[in-house]
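A short worksheet on the structure shown next.
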2 protein chains.
Amino acid sequence: MSVEIKISLNEGIYLKDPQDSPLGRNIIKYSILLIDEVGFEAFNFKKLAQEMGSTEASVYRYFENKHSLLIYLVSWYWEWVAYLIKINTVNIDDPKKKLKIIINSFVSASVDNPTTEYIDENKLHSVVIAEGTKAYRTKEVDEENGKGFFKNYKKLITMVAGIILEINPTFEYPYSLASNLFEMSNDHIYFAKHLPKLTDIKVEENKYAEVEKMLNYFSAKILGYEI
Amino acid sequence: MSVEIKISLNEGIYLKDPQDSPLGRNIIKYSILLIDEVGFEAFNFKKLAQEMGSTEASVYRYFENKHSLLIYLVSWYWEWVAYLIKINTVNIDDPKKKLKIIINSFVSASVDNPTTEYIDENKLHSVVIAEGTKAYRTKEVDEENGKGFFKNYKKLITMVAGIILEINPTFEYPYSLASNLFEMSNDHIYFAKHLPKLTDIKVEENKYAEVEKMLNYFSAKILGYEI
DNA sequence: TTTTAAATAATAGCAATACTATCATATAAG
DNA sequence: CTTATATGATAGTATTGCTATTATTTAAAA
């Protein structure tokens, strides 16, 4: 038995919902693999179509361009992390424990079951780590934000900020801390792999235990509690 | 009287040192203005040459491509921030005061004098905020890191980590905190302007006092001292 | 001053990218 | 069975990211 996750994403991001057809699901599947392999700059719809055994024109019927596709992928990731956090905190009352689960979800966003068949969540996490910020670091950010393209990120951060306020209701920076935990998680996994002089973290074999420990430590200090 | 800053950057970044000729200095000057105006994706050497009244081929004699030019610009910025920190902390003994100056330098990296005539430091700061991470979020990061292209960033972070250790010699994450303060400064200035739901900061008229206050607060909590 | 070298400008061209358009064919729905 | 819809196949166009060639200006050396 498997439970299918229904991810709801802003309609403006795509031209046609890729979840609704085999070709669409293939676009998602292979774009994750290909971006992870060649990087976002070298990635394009021609290569993607080739990889999938389809055509460039067909891909363009789903997404305006590769930038929209990247927004789709990171939005899916944000939504999925939010989902993970929800199912793993559902029976927990202590907000400190909830934050620990949040940090674990940020760092090692993966789960065995349920999962979506055409999405390799670990690869998607890699893509988000390496390319995620490019989704909103563009000249079009205000326009796209106006269209709701970053709604999923904001929703995720709002939820985390709420839990931070449960721990410390007078804390002045719940949203900043929430987004910083997310960004810092990705940054330091990336630094550990590629620019190790920028962090104290050591990553071995895709195990991010040290990142998790660090984020727990930082959170506890900032919010004023013992781990 | 003005003191000229000599910025020393890795020779591999450029084909010919742009500091050494009027055309080279123009490339730096106009690339900052143009990237700030149109964004890094839309920026190219043809537009830059047009803007400067030069030619595409001439720009290519200084930099292999726009990516190298971006690395040059952010390296200049990193080096310049390090310089600012040094001159502003030279007579200060208390490492907590030094860290305060570091945070001020990260957030509002600007100074009236001395300055480099062909570089608008405020605009460069804007470029680093919006485009800086793209310098090292590429598939070529390991290769370029091997060539020393990110030496200036690592130098800056190493210096800051040293001061953090002066404050708290048993602190486990001096490099992580240092790089996080830098990245967080840029992130939250960007968020405040473009994705305000991701931060608690409000920015008014390019005054970043709130960001500064937040980073001082976070540092003090994490390192365990009163502001 | 003359000559020679170096830097820049002007122009052309080429392969790849980022699309758009058209038409044929397959599939599914009415 | 007919018609709408999705996909495939193919072509084409404007822009980008360069490289090459030659001419012209500027600076350095003789």
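Chain letters run A, B, ... following the sequence lines, proteins first, then strands; residues in each count from 1. Scope of the values below: all heavy atoms of this structure, side chains included, with no hydrogens, waters or symmetry mates.
In this structure, of dG17(D), dT22(C), dT16(D), it is dT16(D) that holds the atom nearest to the side chain of Lys46(B). Residue Glu56(B) places its side chain closer to dG17(D) than to any other of dA10(C), dG8(D), dG17(D). Taking only side-chain atoms of Asn44(B), from C-beta outward, the nucleotide of dT8(C), dG17(D), dT17(C) with the closest atom is dG17(D). Of the candidate nucleotides dG8(D), dT16(D), dA7(C), dA7(C) has the atom nearest to the side chain of Lys16(B).
Here dT15(D) presents its C1' atom at 15 Å from CG of Asn65(A), a figure rounded to the nearest Å. If you measure from atom CE of Met52(A) to atom C1' of dG8(D), you get 12 Å, rounded to the nearest angstrom. One atom, CG of Asn26(B), and another, C1' of dA7(C), lie 15 Å apart when rounded to the nearest Å. Distance, Leu23(B) CG to dA10(C) P: 12 Å, rounded to whole Å. As rounded to whole Å, 12 Å separates atom P of dC19(C) from atom CG of Leu69(A). One atom, CZ of Phe45(B), and another, P of dT19(D), lie 11 Å apart when rounded to the nearest Å. If you take CZ of Arg61(A) and P of dA4(D), they are 18 Å apart, rounded to a whole angstrom. Look at NZ on Lys47(B): it is 9 Å from C1' on dT15(D), rounded to the nearest Å.
Defining each end axis of the helix from dT1(C)-dA30(D) to dG30(C)-dC1(D) as the rotation carrying four pairs' C1' atoms onto the next four, with five pairs an end, the two axes are found to diverge by 10° to 10 degrees.
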Query raised in the report: ring-ring contact (aromatic ring centres under 6.0 Å, His included) between Phe182(B) and Phe106(B): does it pass, once the steps are laid out?
Result: CA-CA 6 Å; Phe182(B) 184 86; Phe106(B) 283 173; 5.1 Å; yes
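Contacts of Phe63(A) with the nucleic acid, taken as non-hydrogen atoms under 4.0 Å apart, are absent. Residue contacts shown for Glu64(B) are limited to sugar-phosphate atoms, with no base heavy atom under 4.0 Å away.
Annotation: Lys154(B), atom NZ; neighbour count of heavy atoms from other residues, nucleotides and ligands within 6.0 Å is above 12.
Along DNA chain C, the nucleotide nearest Ala57(A) and the nucleotide nearest Thr55(B) are compared for position; the residue whose nucleotide lies closer to the 5' end is Thr55(B).
Side-chain contact between Asp200(A) and Pro174(B) is present, with at least one heavy-atom pair separated by less than 4.5 Å.
Partner of Tyr30(A) under the side-chain contact (heavy atoms from CB on, under 4.5 Å) criterion, out of Arg25(A), Glu51(A), Lys47(A): Glu51(A) alone.
Taken from CD1 in Ile189(A) to CD1 in Ile201(A), the straight-line distance is 9.5 Å, to the nearest 0.5 Å.
In terms of phosphate contacts, Tyr62(A) brings a side-chain nitrogen or oxygen within less than 4.0 Å of OP1 or OP2 of dT7(D). Proximity of Ser54(A) to the phosphate of dT7(D): no side-chain N or O atom is located under 4.0 Å from OP1 or OP2.
In terms of modelled atom types and a separation under 3.5 Å, the side chain of Glu79(B) and the main chain of Asn152(B) share no donor-acceptor contact.
In summary, Lys147(A) and Glu143(A) engage in a salt bridge, as defined by a charged side-chain N under 4.0 Å from a carboxylate O.
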